[in-house]
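Numbering of residues begins at 1 and proceeds along the displayed sequence.
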Amino acid sequence: MKFILLVICVMFASCDSTIHFYPDDGVRRSQIRINVDWSDYGKTEPTGMTVMCHHSENGEKVLAIDNNISYVTPYLSAGRHWATVFNLTEDEYNNIGFRGLDSVKTAEVYAPEYRGTMWYTGRGDENSYVAGQPEWLAVDTIMTDHVEYPAEEVKLIGTLHPKNIIFTLHVTLRTTYIGNLRSARGAITGLANGRMIHSDTPNDNSVTVTHLIESDSWSRTRTYEPADIGYVTADVRCFGLPSNHKGLPDENILEFQAMLAEGQKVLKYNIPVGHLIRKGNIPEGMRGDNLDLYLDLWLDPPLPPGGNGNWGFDVWVEDWDEQEDVIIPV
């Protein structure tokens, strides 16, 4: 088994190599071509891709893994096929899982449970869990042209246009006395736990995820004197809001922990924000680079006066492990 996996890895790493997986059913097939155009992705072009073809009538699945990201040339049986593409392979993601890939109707990407830092005390229930922030992912699904058998030549039967499906939630928290902030961390609940590939829609809120926003994700800025007003910002990658999100406050809760400048007291905020998350304006034809959500609010109550911070650095993470924090709910 290890030898087979080694051979597959070598093939995938070599130039112009394609790994095809076909059903062992003796069905006659014709070699065809499916082009893949990444110009709508908006991110760095991937180093490889996976293309799945499902027969539109019998569901037969043909899988192609290739480090040539321009096209694949699998052998398909006669008829039309659903063709689906995503960058890289199933096993090359740490915070994205794939399931239901045997059928185009059930194909889904989702956020697996996160097993990393466990400082977050607001544990989920059977309908919510902590997940890691997903890596960039682009997908597309099309219905191909009809495949003939026998084929006299390698015929182009369709072009896939993969687009990014990962959102970025931009969080901005404003407060007075920003200089009294030594470090920060947070978590946000109620985000979609995945996305259906074929319908290009996020999952509903029957199961949601919480994403942690660790200290090294935050940066702070002082904006005005002498009131010492400023803000902290962080970006969170996610699958967006659930498909049946209603914009109610309690659908999303932001937990924000602010360590004060003296290094021991920590203010803990639990803020309903489901009504405050806004979608960004997506320019026509540019969805792949503009899946943005925005959350912008003032801390209430604001940080208390005291301290002046060290403005040569952004908010940093090490302090959380060096002090015995005194958590003060607000």
>> Show, in sequence, the C-alpha distance, side-chain angles and deciding distance for D204 and N244, and conclude whether the side-chain hydrogen bond (donor to acceptor under 3.5 Å, both in side chains) test is met.
In response: CA-CA 5 Å; D204 64 27; N244 53 350; 4.6 Å; no
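- With sequence neighbours excluded, no residue forms a side-chain hydrogen bond (donor to acceptor under 3.5 Å, both in side chains) with H275.
- What you find for H20 and A64 is that their closest heavy atoms are CD2-CB, 3.5 Å.
- If you chain together hydrophobic residues whose side chains sit under 4.5 Å apart, L299 and Y231 never meet in one group.
- In this structure, R222 pairs ionically with D228, as a charged nitrogen and a carboxylate oxygen lie closer than 4.0 Å.
- A donor-acceptor pair under 3.5 Å is absent between the side-chain atoms of T176 and the main chain of I229, judged by distance alone.
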>> Does Y269 form a side-chain contact (heavy atoms from CB on, under 4.5 Å) with L267? I'd like the steps, not just the answer.
In response: CA-CA 7 Å; Y269 297 78; L267 302 183; 3.8 Å; yes
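- A donor-acceptor distance shorter than 3.5 angstrom exists from the side chain of E251 to the backbone of G247, with no hydrogens or angles considered.
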In residues 153-162, what donor-acceptor pairs under 3.5 Å come from side-chain atoms, sequence neighbours left out?
none

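- Expressed to the nearest 0.5 Å, how far OG1 of T168 lies from CG of L293 amounts to 8.5 Å.
- For residues 66-86, the pairs satisfying ring-ring contact (aromatic ring centres under 6.0 Å, His included) are H55-H81, W82-H198, F86-F98, with sequence neighbours left out.
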> Do L173 and L297 pass the side-chain contact (heavy atoms from CB on, under 4.5 Å) test, and can you show the C-alpha distance, the side-chain angles, and the key distance before you say yes or no?
Replying inline: CA-CA 5 Å; L173 303 180; L297 69 147; 3.3 Å; yes
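- One finds the CG atom of N193 at 10.0 Å from the OH atom of Y110 (value rounded to the nearest 0.5 Å).
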> Given N87 and Y93, is the side-chain hydrogen bond (donor to acceptor under 3.5 Å, both in side chains) satisfied, shown in steps?
Replying inline: CA-CA 10 Å; N87 48 308; Y93 292 93; 2.9 Å; yes
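- When all heavy atoms of T189 and Y120 are compared, the pair lying nearest together is CG2-OH, 3.6 Å.
- Under the 4.5 Å side-chain criterion, counting only non-hydrogen atoms from C-beta, S56 is in contact with M143.
- Side-chain atoms of T84 do not come within 3.5 Å of backbone N or O of T141 as any donor-acceptor pair.
- Side-chain N or O atoms of W38 include one that pairs as donor or acceptor with a backbone N or O of I69 at under 3.5 Å.
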>> Under the criterion side-chain contact (heavy atoms from CB on, under 4.5 Å), I'd like the reasoning laid out for L241 against L191: C-alpha separation, chi angles, the key distance, then a yes or no.
In response: CA-CA 5 Å; L241 297 172; L191 296 171; 4.0 Å; yes
> Between T233 and T172, does a side-chain hydrogen bond (donor to acceptor under 3.5 Å, both in side chains) hold up when you go through it step by step?
Replying inline: CA-CA 5 Å; T233 59; T172 301; 5.8 Å; no
>> Walk me through whether D292 and K279 qualify under side-chain contact (heavy atoms from CB on, under 4.5 Å).
In response: CA-CA 6 Å; D292 292 313; K279 294 183 180 181; over 6 Å; no
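- Note on I188 and Y129: same hydrophobic cluster, where clusters join Ile, Leu, Val, Met, Phe, Trp and Tyr whose side-chain heavy atoms are under 4.5 Å apart, directly or indirectly.
- Shown here for A192 and N203, the closest heavy-atom pair between the two residues is CB-O, 4.2 Å.
- Paired with L63 under the rule side-chain contact (heavy atoms from CB on, under 4.5 Å), one option of T50, V72, T89, V51 passes, and it is T50.
- For the side-chain hydrogen bond (donor to acceptor under 3.5 Å, both in side chains) test, residues two or more places apart in sequence or in another chain that qualify with D296 are R174.
- To the nearest 0.5 Å, atoms CD1 (I277) and NE2 (H245) are separated by 5.5 Å.
- The shortest side-chain heavy-atom distance between L291 and N164 falls under the 4.5 Å cut-off.
- Summarising the geometry of V232 relative to F256, their closest heavy-atom pair is CG2-CZ, 4.1 Å, with the distance given to 0.1 Å.
- Formation of a donor-acceptor pair under 3.5 Å by the S217 side chain with backbone atoms of A234 is not found in this model.
- Of the possible donor and acceptor atoms, none in the side chain of S77 sits under 3.5 Å from a partner among the backbone N and O of V27.
- Minimum interatomic distance between G132 and H211 (heavy atoms only, all atoms of both residues): O-CE1, 3.2 Å.
- Side-chain contact check for P242 versus P202: every heavy-atom pair is 4.5 Å or farther apart.
- One finds the CZ atom of R278 at 9.5 Å from the CG atom of L295 (value rounded to the nearest 0.5 Å).
- A distance-only check finds no donor-acceptor pair linking the side chain of E214 to the backbone of R185 [under 3.5 Å].
- Between E135 and L137 the shortest side-chain heavy-atom distance does not fall below 4.5 Å.
- The backbone N or O of Q133 lies less than 3.5 Å from a partner atom in the side chain of N95, making a donor-acceptor pair.
- Looking only at distances, a side-chain donor or acceptor of R220 sits under 3.5 Å from a matching main-chain atom of L181.
- With rounding to the nearest 0.5 Å, the separation of CG in D235 from CD1 in I213 is 9.5 Å.
- Atom CG of L101 is separated from atom OG1 of T106 by 7.5 Å, given to the nearest 0.5 angstrom.
- In the hydrophobic clustering of ILVMFWY residues, with side-chain heavy atoms under 4.5 Å counting as a link, I142 and V139 come out together.
- Applying the salt bridge (Lys or Arg N to Asp or Glu O under 4.0 Å) test to pairs two or more places apart or on separate chains, those with a residue in residues 96-117 are K61-D102, R99-E108, E113-R115.
- Cluster membership check: I271 shares its hydrophobic cluster with W218, using side-chain heavy-atom separations under 4.5 Å among Ile, Leu, Val, Met, Phe, Trp and Tyr.
- Note: the hydrophobic cluster containing I65 also contains I32 (ILVMFWY, side chain heavy atoms under 4.5 Å, direct or indirect links).
- Applying the ring-ring contact (aromatic ring centres under 6.0 Å, His included) test to pairs two or more places apart or on separate chains, those with a residue in residues 166-190 are H170-Y294.
- The minimum heavy-atom distance linking C238 with I166 is given by the pair O-CG2, 3.5 Å.
- Judged by distance alone, with hydrogens and angles left aside, the side-chain atoms of N180 form no donor-acceptor pair with the main-chain N or O of L303 at under 3.5 Å.
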